Amino acid sequence: MVSNAGLKFYLIKSDVMLFPDWAYKPTWSPGSRQIQLWHFLLELLARGEGGAIGWGGEWGEFVIRDPEKLARLWGERKGKPHMNYDKLSRALRYYYNKRILHKTKGKRFTYKFNFSKLILVNYPGYPPPAPPAPPAPSHQVIHHVFTSA
DNA sequence: CACGGAATCG
DNA sequence: CGATTCCGTG
């Protein structure tokens, strides 16, 4: 992992993933509030932990390989020992209206992040006035994905 | 499994 | 507000 100009880069299965700092808050920031579910999912995905959850075919798509294990992990993080996939998935469904996630229909346990909307929802000041970064060619494509609506 | 209303909580 | 809990419906 490499930090640079408020952005973090993660190497995952030979793909370079980029998350803005605010999007990668495994712990609670200055505001000191509880971890959010989609933060938690990005955290597991970024680590490429592989077991419970992993990236899917399309950009931003992910597949829950072991739903009950994921629920158990999530429950541990939140101190909810009775967490299960039924309840976790309800929380995911609430993300549909918030435009953070949507379901990949037909594909079991498969959802997809709306990365650009994620930025709008959680970082109202986006995009920053001056994004003058002279990015390395390898990062430029991905940076563009994030900055375009 | 997936969806979404409703009540409830911290 | 962002879940958690519970549950009826398809």
Side-chain angles (χ1 to χ4, degrees), chain A residues 1-131 139 142-149:
Chain A
M1 193 270 280
V2 173
S3 281
N4 186 323
L7 299 167
K8 294 184 179 184
F9 302 82
Y10 299 90
L11 240 72
I12 301 150
K13 285 191 276 187
S14 81
D15 289 324
V16 176
M17 305 295 296
L18 180 153
F19 303 135
D21 271 348
W22 57 260
Y24 190 78
K25 292 275 171 56
T27 59
W28 25 65
S29 29
S32 178
R33 65 190 200 288
Q34 278 241 47
I35 176 90
Q36 246 149 301
L37 177 53
W38 63 271
H39 281 34
F40 177 75
L41 297 179
L42 286 179
E43 184 187 325
L44 291 189
L45 287 165
R47 290 210 303 254
E49 193 249 350
I53 189 172
W55 291 113
E58 293 179 48
W59 168 257
E61 194 178 74
F62 63 93
V63 181
I64 300 170
R65 299 210 185 87
D66 190 339
E68 291 308 325
K69 181 181 178 183
L70 179 67
R72 187 176 52 74
L73 263 39
W74 174 233
E76 280 170 17
R77 178 66 68 93
K78 285 292 290 291
K80 296 285 172 187
H82 299 309
M83 182 51 58
N84 58 27
Y85 180 67
D86 181 49
K87 292 186 274 197
L88 187 152
S89 62
R90 184 67 189 93
L92 292 181
R93 268 173 252 130
Y94 273 130
Y95 284 154
Y96 298 170
N97 290 334
K98 297 181 182 177
R99 314 250 31 220
I100 292 173
L101 284 186
H102 63 80
K103 189 80 181 61
T104 302
K105 290 170 186 174
K107 293 186 184 176
R108 210 163 166 243
F109 304 130
T110 303
Y111 303 78
K112 189 171 167 181
F113 279 101
N114 299 325
F115 279 128
S116 56
K117 303 294 180 180
L118 219 58
I119 288 167
L120 295 177
V121 167
N122 295 280
Y123 192 43
Y126 197 86
H139 297 144
I142 291 158
H143 186 254
H144 182 260
V145 170
F146 267 97
T147 51
S148 58

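In what follows, chains are A, B, ... by sequence order, proteins preceding strands, each numbered from 1. Note that the coordinates shown come from a computational prediction; the quantities given were computed from them, not determined experimentally.
Residues A:R90 and A:K107 both approach DNA chain B. Their nearest nucleotides, taken by heavy-atom distance, put A:K107 toward the 5′ side. Comparing A:Y94 and A:P67 along DNA chain B, the residue whose closest nucleotide (by nearest heavy atom) sits nearer the 5' end is A:P67.
Checking the phosphate oxygens (OP1, OP2) of B:dC3, no side-chain nitrogen or oxygen of A:K103 falls inside 4.0 Å. For A:K105 and B:dA2, the shortest distance from a side-chain N or O to OP1 or OP2 is not below 4.0 Å. Side-chain N/O atoms of A:Y85 include one lying less than 4.0 angstrom from OP1 or OP2 on B:dA2. Phosphate contact (OP1/OP2 of C:dT4, side-chain N/O of A:W74, threshold under 4.0 Å): present. Phosphate proximity of C:dT4 to A:K80: absent, as no side-chain N or O sits under 4.0 Å from OP1 or OP2.
With rounding to whole Å, A:R65 atom CZ is found 17 Å from B:dC1 atom P. Atom CG of A:L41 is separated from atom P of C:dG2 by 15 Å (rounded to the nearest Å). Nucleotide C:dA3 holds its C1' atom 9 Å from the CG atom of A:L37, rounded to whole Å. Here B:dC9 presents its P atom at 16 Å from NE2 of A:H82, a figure rounded to the nearest Å. A straight line from NZ of A:K87 to C1' of B:dA7 spans 14 Å, rounded to a whole angstrom. Rounding to whole angstrom units, CZ of residue A:R93 and P of C:dT9 are separated by 16 Å. Taking atom CZ on A:F109 and atom C1' on B:dC3, their separation rounds to 15 Å, with Å as the unit. If you take CG of A:L92 and C1' of B:dG4, they are 14 Å apart, rounded to a whole angstrom.
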*asked:* Applying side-chain contact (heavy atoms from CB on, under 4.5 Å) to A:L73 and A:I53, what does each step give before you reach the verdict?
replied: CA-CA 11 Å; A:L73 263 39; A:I53 189 172; over 6 Å; no
*Between A:W59 and A:F115, does a ring pair (Phe, Tyr, Trp, His ring centres under 6.0 Å) hold up when you go through it step by step?*
CA-CA 9 Å; A:W59 168 257; A:F115 279 128; 5.4 Å; yes
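Side chains of A:L101 and A:F113 form a contact here, defined as non-hydrogen atoms less than 4.5 Å apart. Using a 4.5 Å cut-off on side-chain heavy atoms (C-beta onward), A:V63 and A:T104 make no contact.
At a threshold of 4.0 angstrom between heavy atoms, the contacts of A:K78 are confined to the sugar-phosphate backbone, with no base atom among them. Nucleic acid contact class of A:L88 (heavy atoms, under 4.0 Å, all strands): none. If you check every strand for non-hydrogen atoms under 4.0 Å, A:Y95 touches sugar and phosphate atoms only. At a threshold of 4.0 angstrom between heavy atoms, the contacts of A:R108 are confined to the sugar-phosphate backbone, with no base atom among them.
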Tabulate below the donor-acceptor pairs under 3.5 Å that side-chain atoms of residues 80-88 of chain A make, not counting sequence neighbours, or state none.
unit_1	atom_1	unit_2	atom_2	d
A:N84	OD1	A:D86	N	3.2
A:N84	OD1	A:K87	N	2.9
A:Y85	OH	A:Y111	OH	2.8
A:K87	NZ	A:H82	O	2.8

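The nucleotide whose nearest atom lies closest to any side-chain atom of A:Y96 is, among C:dC6, C:dA3, B:dG4, B:dG4. Looking at the side chain of A:Q36, the nearest of the listed nucleotides C:dG2, C:dC6, B:dA2 is C:dG2.
Taking a cutoff of 4.0 Å between a charged side-chain nitrogen and a carboxylate oxygen, A:E43 and A:R47 qualify as a salt bridge.
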